[in-house]
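Down below is the structure, laid out as structure tokens.
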There are 2 protein chains.
Amino acid sequence: MEEHKPTVFVVDDDPAVRDSLRWLLASVDLDVETYASAPEFLDAYDPDKPGCVLVDVRMPGMSGLELQEELASRSTKLPVIIITGHSDVQMAVRAMKGGAFDFIEKPFNDQALLDLVQKALERNRETIEAQVEHEHIQRRFDLLSPRERQVLDLIVSGEPNKRIAFNLGLSEKTVEAHRARVMEKTEAGSLADLVKMVTLLQQHSS
Amino acid sequence: MEEHKPTVFVVDDDPAVRDSLRWLLASVDLDVETYASAPEFLDAYDPDKPGCVLVDVRMPGMSGLELQEELASRSTKLPVIIITGHSDVQMAVRAMKGGAFDFIEKPFNDQALLDLVQKALERNRETIEAQVEHEHIQRRFDLLSPRERQVLDLIVSGEPNKRIAFNLGLSEKTVEAHRARVMEKTEAGSLADLVKMVTLLQQHSS
DNA sequence: TGAGAAATAGGGGGAAACCCCCAAAAAGCT
DNA sequence: AGCTTTTTGGGGGTTTCCCCCTATTTCTCA
């Protein structure tokens with residue numbers, strides 16, 4: 001069972017900042033979890049939880065940037081808002097290039113931060129929605145046997161059964177059987193469906 | 001005929017900066033064009049020319065940010081490198097969100113800038129390559145008549161001719177004729193091909 | 001070692017798609 | 001008005017696909 005209520009994960013080594021952010025976010029009825037360091041958060045985080053991250057760039061040990069890059073490498077779709085105390089253009093650019101959702105300077109306007117968090121949560125909802133659809137399809141394609149995968153590739157590349165059979169050194173009948181099983185396992189209602197699902201999967205695999 | 005040699009478009013109101021950048025870029029055998037203001041560049045720029053833009057954020061009239069946003073709205077695929085004299089995180093974030101290729105602070109290391117320019121030009125090459133492929137396909141789909149487009153939509157959504165005919169109030173024979181013309185005009189070698197081309201076009205239309 | 005799945009292959013038949021031919025009404029464009 | 005394109009429809013045949021059934025060999029896993 002997945003959670004539906006999003007959580008704002010606050011990561012900052014300064015207890016005063018954590019408390020103040022917790023209070024601010026809770027004031028608009030948001031769930032908040034605070035962590036004193038990036039590794040502490042990474043340890044506790046369940047990848048299925050929706051939400052967004054609010055993290056300070058400058059922290060002892062792992063910086064906010066490194067946390068953001070670590071989350072990205074784990075293909076976590078959690079939007080990361082990075083907060084900085086001192087103007088550092090280099091860091092801002094690096095963070096944005098690394099896919100950070102935003103990069104804001106202290107002191108920030110409370111309402112502006114809340115708006116930003118809402119946008120991040122909205123983005124996260126959309127991402128998760130797409131992800132769920134993607135996983136449903138992937139799960140069905142995972143059911144395919146190696147041979148069925150080979151046949152699938154040739155089907156999607158537009159080959160007729162006759163040439164698929166020749167290509168794989170099989171009889172047309174066998175290809176027909178594989179093809180039928182591919183359509184059944186992937187729950188494709190038509191060839192067009194099948195091709196669309198495959199291209200969708202290819203998009204997010206690269 | 002398209003140009004193959006890329007050009008670096010330098011946009012800066014300071015003649016000394018223009019000259020120094022021109023000299024630097026020319027020293028590695030790059031073509032350079034300089035402009036004293038954003039509108040001046042926009043006026044002179046031919047959208048088919050490959051290259052990248054080097055622009056200062058702070059200029060009288062139109063800023064580097066505005067230039068970058070204007071280029072983006074024209075669906076110009078020219079990578080924009082924005083140069084700033086003073087640290088401004090807000091601007092850096094806005095630029096990166098707006099799709100700037102990079103945002104660097106003065107004074108910059110000459111070699112670092114040259115490397116950056118080369119990366120931007122490489123990105124531009126890739127973008128143009130994809131764009132050209134896309135346009136070739138688009139041009140073929142533009143040949144379709146309204147009726148053929150309707151039939152195409154239903155084909156791609158997986159409907160068999162029988163239901164397409166019923167759906168559009170036509171005989172199966174007519175649908176067959178339209179379908180054949182769709183395959184011919186789009187130069188699709190198979191249904192799989194057709195679906196792939198349509199999904200590719202849909203990707204870049206949204 | 002035995003059950004089940006995967007891979008192989010066939011028969012037969014029906015549905016769908018694809019291929020050529022044709023033709024005529026309707027709409028658009030000089 | 002005359003020409004072109006579009007849209008419409010058909011005849012007839014070939015190819016491909018899809019679905020029912022059976023059957024053997026191989027492989028894996030419990």
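In this text the structure is predicted, and so the values were computed from the model without any measurement. Each chain gets a letter, A, B and so on, in the order its sequence line appears, and its residues count up from 1.
- Side-chain nitrogen and oxygen atoms of Lys185(A) include at least one within less than 4.0 Å of the OP1 or OP2 phosphate oxygen of dA6(C).
- Between Tyr35(B) and Phe9(B), the ring-plane angle classifies as tilted under the 30° and 60° cut-offs.
- Nucleic acid contact for Ser171(B): sugar-phosphate only, since backbone atoms but no base atoms lie under 4.0 Å from a heavy atom of the residue.
- Nucleic acid contact for Arg179(A): sugar-phosphate only, since backbone atoms but no base atoms lie under 4.0 Å from a heavy atom of the residue.
- The distance between atom CE of Met183(B) and atom C1' of dC19(C), rounded to the nearest whole Å, is 13 Å.
- Residue Leu170(B) contributes atom CG, which lies 14 Å from atom C1' of dG10(D) at whole-angstrom precision.
- As judged by a 4.0 angstrom heavy-atom cut-off over every strand, Glu176(B) is placed among the base-contacting residues.
- Regarding contacts with the backbone of dT15(D), every side-chain N or O of Lys162(A) stays at 4.0 angstrom or more from both OP1 and OP2.
- Between Pro160(A) and Arg147(B), it is Arg147(B) whose nearest contact on DNA chain D lies nearer the 5' terminus.
- Residue Asn161(B) has no polar side-chain atom (N or O) positioned under 4.0 Å from OP1 or OP2 of dA16(C).
- Each of dT16(D), dT8(C), dA6(C) was ranked by its minimum atom distance to the side chain of Ser145(A); first place goes to dA6(C).
- Using a cutoff of 4.0 Å between basic side-chain nitrogens and carboxylate oxygens, Asp31(A) and Lys5(A) are scored as salt-bridged.
- Salt bridge status for Lys77(A) with Glu126(A): absent, with no side-chain N to carboxylate O gap under 4.0 Å.
- Leu191(A) comes within contact range of no nucleotide atom at all, as no heavy-atom separation falls under 4.0 Å.
- Atoms CD (Glu148(A)) and C1' (dA7(C)) sit 9 Å apart, rounded to a whole Å.
- For the pair Glu172(A) CD and dC18(D) C1', the interatomic distance rounds to 13 Å; values are reported in whole Å.
- In this structure, Leu144(A) atom CG and dA7(C) atom C1' are separated by 14 Å, rounded to whole Å.
- Below 30°, between 30° and 60°, or above 60°: for His204(B) and His134(B) the angle between ring planes is above 60°, a perpendicular geometry.
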